[in-house]
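Proteins get letters first, then strands, A, B, ... in listed order; numbering begins at 1 in each.
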There are 2 protein chains.
Amino acid sequence: MSSDSTKEKIVQAAQRIFVRKGMDGARMQEIADEAGINKAMLHYYFHSKDQLFREVFYGILSRLIPGLINIFKGNEPFEDKIEAIVYEYDAYMSKNPILPQFVIREINRDPEQLAGFMTDQGLDFLQIEEMVDQEVKNGKIRPITFPHLFANLIGMIVMPYIGRPLFQRKLFNNDSEKYDQYLLERRTVITQFVKQALLVK
Amino acid sequence: MSSDSTKEKIVQAAQRIFVRKGMDGARMQEIADEAGINKAMLHYYFHSKDQLFREVFYGILSRLIPGLINIFKGNEPFEDKIEAIVYEYDAYMSKNPILPQFVIREINRDPEQLAGFMTDQGLDFLQIEEMVDQEVKNGKIRPITFPHLFANLIGMIVMPYIGRPLFQRKLFNNDSEKYDQYLLERRTVITQFVKQALLVK
DNA sequence: ATTTGGTTTAACCAAATGGTTAACTTTGTA
DNA sequence: TACAAAGTTAACCATTTGGTTAAACCAAAT
């Protein structure tokens, strides 16, 4: 089960430390200790700290984007797409609770590179923007522009992951299982919330 | 106009650098350069890097919380409170775009201290939780628990500030003025969005 | 048994970093 | 004017940090 290769051990440990301390706060020695290996191994498998960070970060991110793109490309009605996005995104994060914090750090550390990466992955916001405009024009949803819808959706999805250490404490008596339950509920709550707000009935 | 005291110059510079680089990524020398003063002055006015960071961070945060508490304590109808929260929170952030990133970093760096600080400031989530439950019970709003409403609201408000460097690039051709306009719009967009989703008509 | 290749280790290094110190200048004021 | 306090500076220091290196280990192939 757990005869992980050294490289895999490093990636796992690096994920945990990078999330807890950030790229700058993380120490190579610390990652080595967490992985239970010699520090030199980090440089053996990854050239530099920077490369290790990028490999961990973009490795996780690149596994999310294709799924999202596929949903947008599909022919389902708009409200089904919304639901699919929420579920896909949220499910992925429940497996990688790390992700949003990584993204936020990268957004501030090197937004240019991140933006470039997204384009490389084929994520085209202009396309999605037109799609939303069409839905509005056809009277399917209440007037809203894509940037607003985008911020609303991503904000609601991502918030409980970003804020977990605080929210769990202050809203759930630090009960970890209750928080996991809460996270699960959010998929339907968000979907309903958005539908209620947008769909013309 | 700009004969700021050295201490004030330090705080201003520290804000900018801390946001850009984070607590760990920021260099004392860098802050000194940004402030146009000698590095030793940092230690003259603030004992350590850690103290400087905390003073900057909690200084900003402590100016936001009382306003929010007052809104909750008022007797206005629920939907007015929502609107007031959105406006108050958002207006404060447009003056301190720094804040959400600070909070997120602190949430992961030292959630215990942050939670303690909020209680010290008199922010009591249980109270608000009861208020929301009452509104639901009275049939004023569709069923939702406070943790869900909270995450939805804060997420929507905060997202465009957290994501600005990326969003501005990918959604607004890196046009800073358009993004400011977008931020302004969000106040009414969010309020309408939430009312539409929650209010029983 | 020996070689070979990848893997792992301990010791080491130069650079960077937070922090200190001691001397100097400016400001307030009696 | 004199003098103490506050403010400012450049040089310095101990420690930490990312990264390197040379030697050792070890399993599979010869």
Side-chain angles (χ1 to χ4, degrees), chain A residues 1-60 98 101-102 105-106 108-110 113-114, chain B residues 1-60 98 101-102 105-106 108-110 113-114:
Chain A
M1 179 77 186
S2 64
S3 76
D4 293 332
S5 71
T6 301
K7 191 170 182 181
E8 189 52 32
K9 272 196 265 178
I10 293 176
V11 172
Q12 300 283 343
Q15 282 189 10
R16 269 170 281 158
I17 300 297
F18 276 141
V19 168
R20 207 150 47 216
K21 305 291 184 76
M23 154 77 178
D24 295 307
R27 299 289 150 238
M28 294 297 266
Q29 186 59 60
E30 207 178 356
I31 295 175
D33 291 345
E34 175 93 9
I37 51 134
N38 188 285
K39 180 167 73 95
M41 296 315 292
L42 300 180
H43 295 284
Y44 180 73
Y45 286 105
F46 304 88
H47 253 188
S48 64
K49 185 186 184 183
D50 204 67
Q51 194 206 308
L52 173 59
F53 179 80
R54 258 189 293 236
E55 213 135 320
V56 167
F57 172 63
Y58 287 107
I60 297 180
I98 290 157
Q101 289 158 44
F102 266 177
R105 276 202 186 97
E106 272 308 276
N108 287 283
R109 223 177 61 97
D110 196 341
Q113 187 180 47
L114 181 56
Chain B
M1 178 79 183
S2 62
S3 78
D4 292 331
S5 71
T6 300
K7 191 171 182 181
E8 190 51 34
K9 273 196 263 178
I10 292 176
V11 172
Q12 301 282 344
Q15 282 190 11
R16 269 170 280 157
I17 300 296
F18 277 141
V19 168
R20 206 149 48 213
K21 305 290 184 78
M23 154 77 179
D24 297 305
R27 300 287 150 237
M28 294 298 266
Q29 186 59 60
E30 206 179 358
I31 295 175
D33 291 347
E34 175 93 10
I37 52 135
N38 188 285
K39 181 167 73 97
M41 297 315 291
L42 300 180
H43 296 283
Y44 180 73
Y45 287 105
F46 305 88
H47 236 220
S48 63
K49 185 186 185 184
D50 204 66
Q51 195 206 307
L52 172 58
F53 179 80
R54 257 189 293 236
E55 213 136 319
V56 167
F57 172 65
Y58 287 106
I60 297 180
I98 290 157
Q101 289 159 45
F102 265 177
R105 276 204 186 96
E106 272 307 275
N108 287 283
R109 225 178 58 97
D110 196 341
Q113 187 180 47
L114 181 56

> Does the side chain of A:I60 come within less than 4.5 Å of A:Q15's, by heavy atoms?
Replying inline: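 SC-SC contact between A:Q15 and A:I60 confirmed.
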>> Would you compute the distance between atom CD1 of A:I31 and atom NZ of A:K9 and round it to the nearest 0.5 angstrom?
In response: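 Atom-to-atom, A:I31:CD1 and A:K9:NZ are 15.0 Å apart.
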Let me know the distance between [atom1] of [X] and [atom2] of [N], rounded to the nearest Å.
X	N	atom1	atom2	value
A:D33	C:dA10	CG	C1'	14 Å
B:H47	C:dT21	NE2	P	11 Å
B:N38	C:dA22	CG	P	16 Å
B:K7	D:dT8	NZ	P	13 Å
A:E30	D:dT16	CD	P	14 Å
A:H43	D:dG19	NE2	C1'	5 Å
A:F53	D:dG19	CZ	C1'	19 Å
A:L52	D:dT17	CG	P	16 Å

> Any side-chain N or O of A:S48 under 4.0 Å from OP1/OP2 of D:dG18?
Replying inline: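 For A:S48, the contact criterion (side-chain N or O under 4.0 Å from OP1 or OP2 of D:dG18) is not met.
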> Should D:dA27 form a Watson-Crick or G-U wobble pair with both distances under 3.5 Å, which nucleotide is its partner?
Replying inline: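 Because both required distances fall under 3.5 Å, D:dA27 counts as paired with C:dT4.
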> Taking a pair as Watson-Crick or G-U wobble with both distances under 3.5 Å, which nucleotide is matched to D:dT1?
Replying inline: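 D:dT1 is paired with C:dA30.
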>> Please check this pair: side chain of A:K49 against backbone of A:A26, looking for a donor-acceptor N/O pair closer than 3.5 Å.
In response: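 Between the backbone of A:A26 and the side chain of A:K49 there is a qualifying donor-acceptor contact (under 3.5 Å).
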>> Checking A:R54 now: which residues fulfil salt bridge (charged side-chain N to carboxylate O under 4.0 Å, His left out) with it, not counting sequence neighbours?
In response: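 Only A:D50 meet the salt bridge (charged side-chain N to carboxylate O under 4.0 Å, His left out) criterion with A:R54.
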Classify the nucleic acid contact of [X] as base, sugar-phosphate or nothing, counting any heavy atom under 4.0 Å across all strands shown.
X	value
B:M41	base
A:F46	nothing
B:A32	nothing

>> Both A:R27 and A:A40 contact DNA chain D. Which one's nearest nucleotide lies toward the 5' end?
In response: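 Going by which nucleotide is closer to the 5' end, it is A:R27.
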> Could a donor-acceptor pair under 3.5 angstrom be found where the side chain of A:K49 meets the base of D:dG19?
Replying inline: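 No.
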>> Taking the six-membered ring for Trp, are B:F102 and B:F53 closer than 6.0 Å centroid to centroid?
In response: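 Under 6.0 Å, so yes.
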> Which nucleotide sits closest to the side chain of B:T6: D:dG18, C:dA10, D:dT8?
Replying inline: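 Closest nucleotide to the B:T6 side chain: D:dT8.
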>> Reading DNA chain C from 5' onward, which residue's closest nucleotide shows up sooner: A:K39 or A:Y44?
In response: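 Taking each residue's closest nucleotide, the earlier one in sequence belongs to A:Y44.
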